[in-house]
Amino acid sequence: QVRLMESGGGSVQAGGSLRLSCVGPGNIVSRYVMAWFRQAPGKEREGVAAIGADGNTAYSDSMKGRCTISKDSAKNTVTLEMNNLKPEDTGMYYCATDLTRRYLTAAPMDRVDYHNWGQGTQVIVSS
């Protein structure tokens, strides 16, 4: 089990932007698949974006074009920049890693593949 720590959540108005960060131990950011998930009240946790060890990225249909996932291996940090936020983007955002994969697969954000999670950071988007 690894400890992931998210930060950067907050409250914004619709159309605003937020930058979320996730710090992991050691060199997991450079070696394994990292992803962001979110969970709205009463809904299941869903994938938002993922990045592989090679830098390849994947995005959910709902966030494609409105967010960018990136990583800084030297700082063991994965960042999710979100723009043009909508009220439906409200939820708890979690960082996760799959320590069995280095590269994205055909289903890069299947939550059952991720066994290491952070505590989450809250995002609230008001209309």
Side-chain angles (χ1 to χ4, degrees):
Q1 193 78 10
V2 299
R3 182 179 179 184
L4 302 173
M5 186 170 295
E6 304 96 333
S7 63
S11 296
V12 297
Q13 292 202 327
S17 300
L18 280 174
R19 187 170 186 264
L20 309 183
S21 294
C22 170
V23 179
N27 59 354
I28 64 167
V29 168
S30 63
R31 294 185 62 184
Y32 300 107
V33 171
M34 304 290 296
W36 283 96
F37 287 75
R38 69 184 181 187
Q39 188 165 17
K43 294 189 177 181
E44 291 192 354
R45 195 170 297 188
E46 63 176 3
V48 175
I51 186 166
D54 56 3
N56 283 342
T57 58
Y59 298 94
S60 65
D61 289 342
S62 62
M63 289 299 291
K64 193 175 295 182
R66 298 193 295 122
C67 74
T68 301
I69 187 171
S70 60
K71 63 179 179 176
D72 185 336
S73 297
K75 296 181 179 179
N76 299 320
T77 300
V78 176
T79 298
L80 183 70
E81 298 202 42
M82 302 186 291
N83 304 301
N84 192 22
L85 285 163
K86 304 175 182 180
E88 51 264 42
D89 295 321
T90 293
M92 189 70 78
Y93 282 67
Y94 298 91
C95 178
T97 185
D98 177 0
L99 299 181
T100 66
R101 286 187 295 150
R102 289 176 55 81
Y103 307 111
L104 301 183
T105 62
M109 289 177 281
D110 189 339
R111 63 176 181 165
V112 300
D113 293 328
Y114 293 84
H115 303 290
N116 295 275
W117 298 83
Q119 295 298 307
T121 185
Q122 183 73 47
V123 171
I124 299 173
V125 185
S126 58
S127 58

**Report entry** Distance-minimising heavy-atom pair for P87 and A14
**Finding:** CD-CB, 4.1 Å
Requested in this report: List for me each residue that meets side-chain hydrogen bond (donor to acceptor under 3.5 Å, both in side chains) alongside T68, sequence neighbours excluded, and say none if there are none.
Outcome: none
**Report entry** Expected output: side-chain R66 to main-chain N84 donor-acceptor under 3.5 Å
**Finding:** yes
Query raised in the report: Hey, what do you get for CG (N76) to NZ (K71), rounding to the nearest 0.5 Å?
Result: 10.5 Å
Query raised in the report: side chain to side chain contact (heavy atoms under 4.5 Å, CB included) between S7 and T121: does it pass, once the steps are laid out?
Result: CA-CA 6 Å; S7 63; T121 185; 5.6 Å; no
Query raised in the report: Which pairs pass disulfide bond (SG atoms under 2.5 Å apart) with one or both residues in residues 8-93, sequence neighbours excluded?
Result: C22-C95
Query raised in the report: Going by the salt bridge (charged side-chain N to carboxylate O under 4.0 Å, His left out) test, which pairs reach into residues 56-65, not counting sequence neighbours?
Result: D61-K64
Report task. Applying side-chain hydrogen bond (donor to acceptor under 3.5 Å, both in side chains), name anything that partners E46, two or more places apart in sequence or on another chain. Result -> R38
Query raised in the report: Using links of under 4.5 Å between side-chain heavy atoms of ILVMFWY residues, direct or through other members, which residues join I124 in one cluster?
Result: none
Query raised in the report: Who are the ring pair (Phe, Tyr, Trp, His ring centres under 6.0 Å) partners of F37, not counting sequence neighbours?
Result: Y114, W117
Query raised in the report: Can any side-chain N or O of K75 pair as donor or acceptor with the backbone N or O of V23 at less than 3.5 Å?
Result: no
**Report entry** Cluster companions of L4 among Ile, Leu, Val, Met, Phe, Trp, Tyr (side-chain spacing under 4.5 Å)
**Finding:** V2, V12, L18, L20, I28, V29, Y32, M34, W36, V48, I51, Y59, M63, I69, V78, L80, M82, L85, Y93, L99, V123, V125
Query raised in the report: Crowded around E88 CD? As in, over 12 foreign heavy atoms under 6.0 Å?
Result: yes
Requested in this report: Could I get the full list of side-chain hydrogen bond (donor to acceptor under 3.5 Å, both in side chains) partners for S127, not counting sequence neighbours?
Outcome: none
Requested in this report: Please list, chain by chain and in numerical order, all residues satisfying side-chain contact (heavy atoms from CB on, under 4.5 Å) with R31, sequence neighbours excluded.
Outcome: N27, R102
**Report entry** Sequence neighbours excluded - salt bridge (charged side-chain N to carboxylate O under 4.0 Å, His left out) pairs with any residue from residues 15-30
**Finding:** R19-E81
Query raised in the report: In terms of heavy-atom contacts, does CD of Q122 have more than 12 from other residues, nucleotides or ligands at under 6.0 Å?
Result: yes
Query - Sequence neighbours excluded - salt bridge (charged side-chain N to carboxylate O under 4.0 Å, His left out) pairs with any residue from residues 104-123 - result: E44-R111
Query raised in the report: What pairs with Q39 under side-chain contact (heavy atoms from CB on, under 4.5 Å), at least two apart in sequence or on another chain?
Result: R45, Y94
Query raised in the report: Do you know which two heavy atoms are closest between A50 and M109, and how far apart they sit?
Result: CB-CG, 3.9 Å
Query raised in the report: For V33, does its backbone N or O pair with a side-chain atom of T97 as donor and acceptor, under 3.5 Å?
Result: yes
Query raised in the report: Is a side-chain donor or acceptor of E6 paired with a backbone partner of Q119 at a separation under 3.5 angstrom?
Result: yes
